[in-house]
Number of protein chains: 2
Amino acid sequence: MTRSRPGRANLESVAAAAGVSRATVSRVVNGWASVAPELRERVERAIAELGYVPNQAARSLVTQRADAVALVVAEPDPRVFGDPYFSGIVRGVSTELLSAGVQVVLLMAQSDEELSGIERYLRTAPLDGVLLVSEHSSNDPIPAAMIEAGMPLVIGGRPMQPGLDVPSVDNDNVGGARVATEHLVARGCRRVGTVAGPIDMAAGVDRLEGVRLALGGDLPADRVEHGAFTQASGEEATRRLLDRVPDLDGLFVASDLMALGALRALRLAGRRVPDDVAVVGFDDIPLASATEPPLTTARQQTVLQGRTMARMLLARARPDLRLREAPEVPDVTPDRVVLPVELVVRDSA
Amino acid sequence: MTRSRPGRANLESVAAAAGVSRATVSRVVNGWASVAPELRERVERAIAELGYVPNQAARSLVTQRADAVALVVAEPDPRVFGDPYFSGIVRGVSTELLSAGVQVVLLMAQSDEELSGIERYLRTAPLDGVLLVSEHSSNDPIPAAMIEAGMPLVIGGRPMQPGLDVPSVDNDNVGGARVATEHLVARGCRRVGTVAGPIDMAAGVDRLEGVRLALGGDLPADRVEHGAFTQASGEEATRRLLDRVPDLDGLFVASDLMALGALRALRLAGRRVPDDVAVVGFDDIPLASATEPPLTTARQQTVLQGRTMARMLLARARPDLRLREAPEVPDVTPDRVVLPVELVVRDSA
DNA sequence: TTGTATGCGTTATCAC
DNA sequence: GTGATAACGCATACAA
């Protein structure tokens, strides 16, 4: 709190009311053992009566700690917040930080102007560290600024900026796409194509790379179309693909949302799924199990990603905090963690 | 920033480097006029060289200001973030605060545990004020805590807690529902029913009240069904309604999402819209214009609501800030502002 | 166990 | 126009 109303209590006034020194009050507030029960009692009563709450600004000034961490989401489209990917990360981050007694502060940037306001805030505000989730981050000024300011930072996703190396937690987009595509091949598909994501996004690039790895040399340029991770773009890309490769029999679509569009395009083109064309998506959004036919897809562990990011940051920014055991979270000492992506087989492939 | 790395520059070091006093550096940093151009030059160079950034904790400690405001969203379902209602408010709040040089900090509470962490944070962190958006807020501890702590607070929506009066900005749910229902009547509907929202949410209660006002005494209990503001619940409620009142010829649905369900239920029941049953929704979500037929609905001004909330808070918490003119934003001196809701007539009614 | 004293980095009030 | 200097509220090393 900052606006000190006329009557805002502080250590001094509590000390006076309890008839002890400021130091003793401080000890009680911070739970130090070495306080006589009787004094403690008096102090606690005084605190309650005066409604005393410690001033975090003053506390941060001396301790160099803030007990708060910023989670920055740099994304122009406000709909990211409805995205299960994002909400999983937020849930994971919140869970882990809550149990560590650290508050999560969400900062969202929908424009460059807002982004620079956020940058300013990050450099000056009392914060223990920063978590950054941004999809197309190749020209994001924040990583460099944080490094220069000495502010601990962990990135969610694959850092796109060459030169800076920042601790990060990513999903295995390459491996996931590879397994998904291998599933198509194992199923008997001979002419596999893909609706890939945008090439300015790490997830787009990496998933396409996974397809390449799975198919070896067998991915001619005409079997690749790019979409924008939206349903409409997936539908169109699929249509273009079918025009060029009419005998396509397997399709890896780089996101479930695009896969929804792909299913529609296939239906309209008279193809049966999976009999004529087998389809695999990526993300396992809730809708994926409700499509006709239900969608085989690669599932990312978004909550785990959030938890891992949080612990990685705390390990670096607040080594004094002892976190509770969490065997399901990978070791966060290395600067780069990649979480496995699992294939969920349903009827579409 | 809080973790002062070994080399973190402060006023002192900048002053030394520039050969001036701390006071002069402070004047330069804060843009005071009374500094000789030459000194100013030297100071600015030193600042750049040392990468000096003011410490906000120290600054807040003495100024009693923070240049930051919290926007608290108390809602268990993370999907609120995808909700156009919420994203409109965020956009409005952000716009207005950005131009005032105040940072928005988003705090979301998905559980009571998180809510109490947030409450702690709000009382202690350097913050100029708090904006609260919570739909079912009748037992939210935050308003009382903020009042006790003397922290300026503005609520979005209608405050549900008796006793506390807190400045608030609401949409005219009563008026909007009333106009929507009157539209049905004017259209010739004789047996109007409604799918209302939950009774523990102000929007649910108020919209139902609007229907009552429009119909005078003519709303028998069997023409009211309640849904949970979801599509599925809207579909079910409509089905129940049709079972009980087969000759229903007008339907006000308290949210567009529920209206989507209602349209489906009507179609399945073989009713034509609007010929057999005219339908009006509420919210004007993007999907509303894409339904078959396009949905007549009441539109809330969510961005304006956010902007109004922000200005109302700043007027109380930071009267020193001079905001730019904004004729479209209503006067924020009264403690309660209700924004008009406009009927958008499409084909469904 | 308790109290005293110092410093965290700023802003702001004075003299000069 | 500029420079000392006193707060701001707290934690903590040290003395008692």
Side-chain angles (χ1 to χ4, degrees), chain A residues 1-43 47 50-67 123-126 149-150 320, chain B residues 1-43 46-47 50-67 123-127 149-150 320:
Chain A
M1 155 83 172
T2 284
R3 305 188 61 74
S4 94
R5 320 302 278 179
R8 189 95 163 75
N10 57 18
L11 270 192
E12 180 88 40
S13 52
V14 174
V20 299
S21 71
R22 296 202 312 253
T24 298
V25 179
S26 179
R27 289 181 189 115
V28 170
V29 169
N30 294 306
W32 275 67
S34 65
V35 173
E38 188 200 317
L39 285 196
R40 173 184 303 277
E41 168 80 15
R42 279 191 355 231
V43 170
I47 287 178
L50 298 177
Y52 168 74
V53 179
N55 178 320
Q56 184 63 34
R59 189 178 260 177
S60 291
L61 192 55
V62 46
T63 60
Q64 313 288 66
R65 286 183 261 110
D67 293 315
R123 318 177 69 120
T124 61
D320 58 307
Chain B
M1 159 84 172
T2 285
R3 305 187 62 71
S4 94
R5 319 303 277 178
R8 188 94 163 78
N10 57 16
L11 269 192
E12 182 87 40
S13 52
V14 173
V20 299
S21 71
R22 296 201 314 253
T24 298
V25 179
S26 179
R27 288 182 188 113
V28 170
V29 169
N30 294 303
W32 275 66
S34 65
V35 174
E38 188 200 316
L39 285 194
R40 173 185 302 277
E41 169 81 13
R42 282 196 347 238
V43 169
I47 288 178
L50 298 177
Y52 168 74
V53 180
N55 179 319
Q56 184 63 36
R59 191 178 259 179
S60 289
L61 192 54
V62 46
T63 61
Q64 315 288 65
R65 285 182 261 111
D67 293 315
R123 318 178 69 121
T124 61
L127 246 30
D320 59 307

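Residue numbers start from 1 in every chain, and the chains themselves are labelled A, B, ... in the order their sequence lines are given, proteins ahead of strands.
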**Q** Take atom CD of A:Gln64 and atom C1' of C:dG9, then tell me their distance rounded to the nearest Å.
**A** 10 Å

**Q** In whole angstrom, what separates B:Arg42's CZ from D:dG1's C1'?
**A** 13 Å

**Q** Could you measure the distance from the OG atom of A:Ser60 to the CG atom of B:Leu61? Nearest 0.5 Å is fine.
**A** 10.0 Å

**Q** D:dG9, C:dT2, C:dT10: which one has an atom nearest the side-chain heavy atoms of B:Ala58?
**A**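 When the side chain of B:Ala58 is considered, C:dT10 is the closest of D:dG9, C:dT2, C:dT10.
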
**Q** At under 4.0 Å between heavy atoms, what does A:Thr24 touch on the DNA or RNA strands: base, sugar-phosphate, or nothing?
**A** sugar-phosphate

**Q** Kindly give the heavy-atom pair with the smallest separation between A:Gln56 and A:Ala66, and that separation in Å.
**A**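 So the minimum-distance heavy-atom pair works out to NE2-O, 3.3 Å.
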
**Q** Measure from CD on A:Gln56 to C1' on D:dC8 and round the result to the nearest Å.
**A** 15 Å

**Q** Could you tell me the separation between the CZ atom of A:Arg8 and the P atom of D:dG9, rounded to a whole number of Å?
**A**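 Taking CZ of A:Arg8 and P of D:dG9, I get 9 Å after rounding.
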
**Q** Please give the angle, rounded to 10 degrees, between the axes at the start and the end of the helix from C:dT1-D:dA16 to C:dC16-D:dG1, where five pairs define each axis.
**A** 40°

**Q** CD of A:Glu12 versus P of C:dT6: gap in Å, rounded?
**A** 16 Å

**Q** Going by atom type alone, with no hydrogens or angles, which donor-acceptor pairs under 3.5 Å involve a side-chain atom of residues 18-29 of chain B and a protein atom two or more places apart or on another chain?
**A**
{"residue": "B:Ser21", "atom": "OG", "partner": "B:Ala23", "partner atom": "N", "Å": "3.4"}
{"residue": "B:Ser21", "atom": "OG", "partner": "B:Thr24", "partner atom": "N", "Å": "3.4"}
{"residue": "B:Ser21", "atom": "OG", "partner": "B:Thr24", "partner atom": "OG1", "Å": "3.4"}
{"residue": "B:Arg22", "atom": "NH1", "partner": "B:Glu12", "partner atom": "OE1", "Å": "3.4"}
{"residue": "B:Ser26", "atom": "OG", "partner": "B:Asn30", "partner atom": "ND2", "Å": "3.4"}

**Q** Under the side chain to side chain donor-acceptor pair (under 3.5 Å) rule, collect the residues that match up with A:Arg40, sequence neighbours excluded.
**A**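 Listed in chain order: nothing, the list is empty.
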
**Q** Would you mind building the protein contact string for nucleotides 11-16 of chain D? One character per nucleotide, 5' to 3', B for base within reach (heavy atoms under 4.0 Å), S for sugar-phosphate only, - for untouched.
**A** BBB---

**Q** Is a donor on one side and an acceptor on the other found under 3.5 Å between the side chain of B:Ser13 and the backbone of B:Asn10?
**A**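 Flag set: sc B:Ser13 to bb B:Asn10 pair under 3.5 Å.
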
**Q** Any side-chain N or O of A:Asn55 below 4.0 angstrom from OP1/OP2 of D:dG9?
**A** no

**Q** Verify, without hydrogens or angle tests, whether B:Thr124 (side chain) and A:Asn55 (backbone) share a donor-acceptor contact under 3.5 angstrom.
**A**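 Checking the backbone N and O of A:Asn55 against the side chain of B:Thr124, no donor-acceptor pair under 3.5 Å is found.
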
**Q** Just compare C:dG9, C:dT1, D:dG3 and give me whichever is closest to any side-chain atom of A:Ala36.
**A**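 Closest nucleotide among those given: C:dT1.
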
**Q** CD1 of B:Ile47 to CG of B:Leu11: how many Å apart, nearest 0.5 Å?
**A**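 Answer for the CD1-CG pair, B:Ile47 versus B:Leu11, is 8.5 Å.
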
**Q** For A:Asp320, what residues pass the side chain to side chain donor-acceptor pair (under 3.5 Å) criterion, not counting sequence neighbours?
**A** A:Arg318

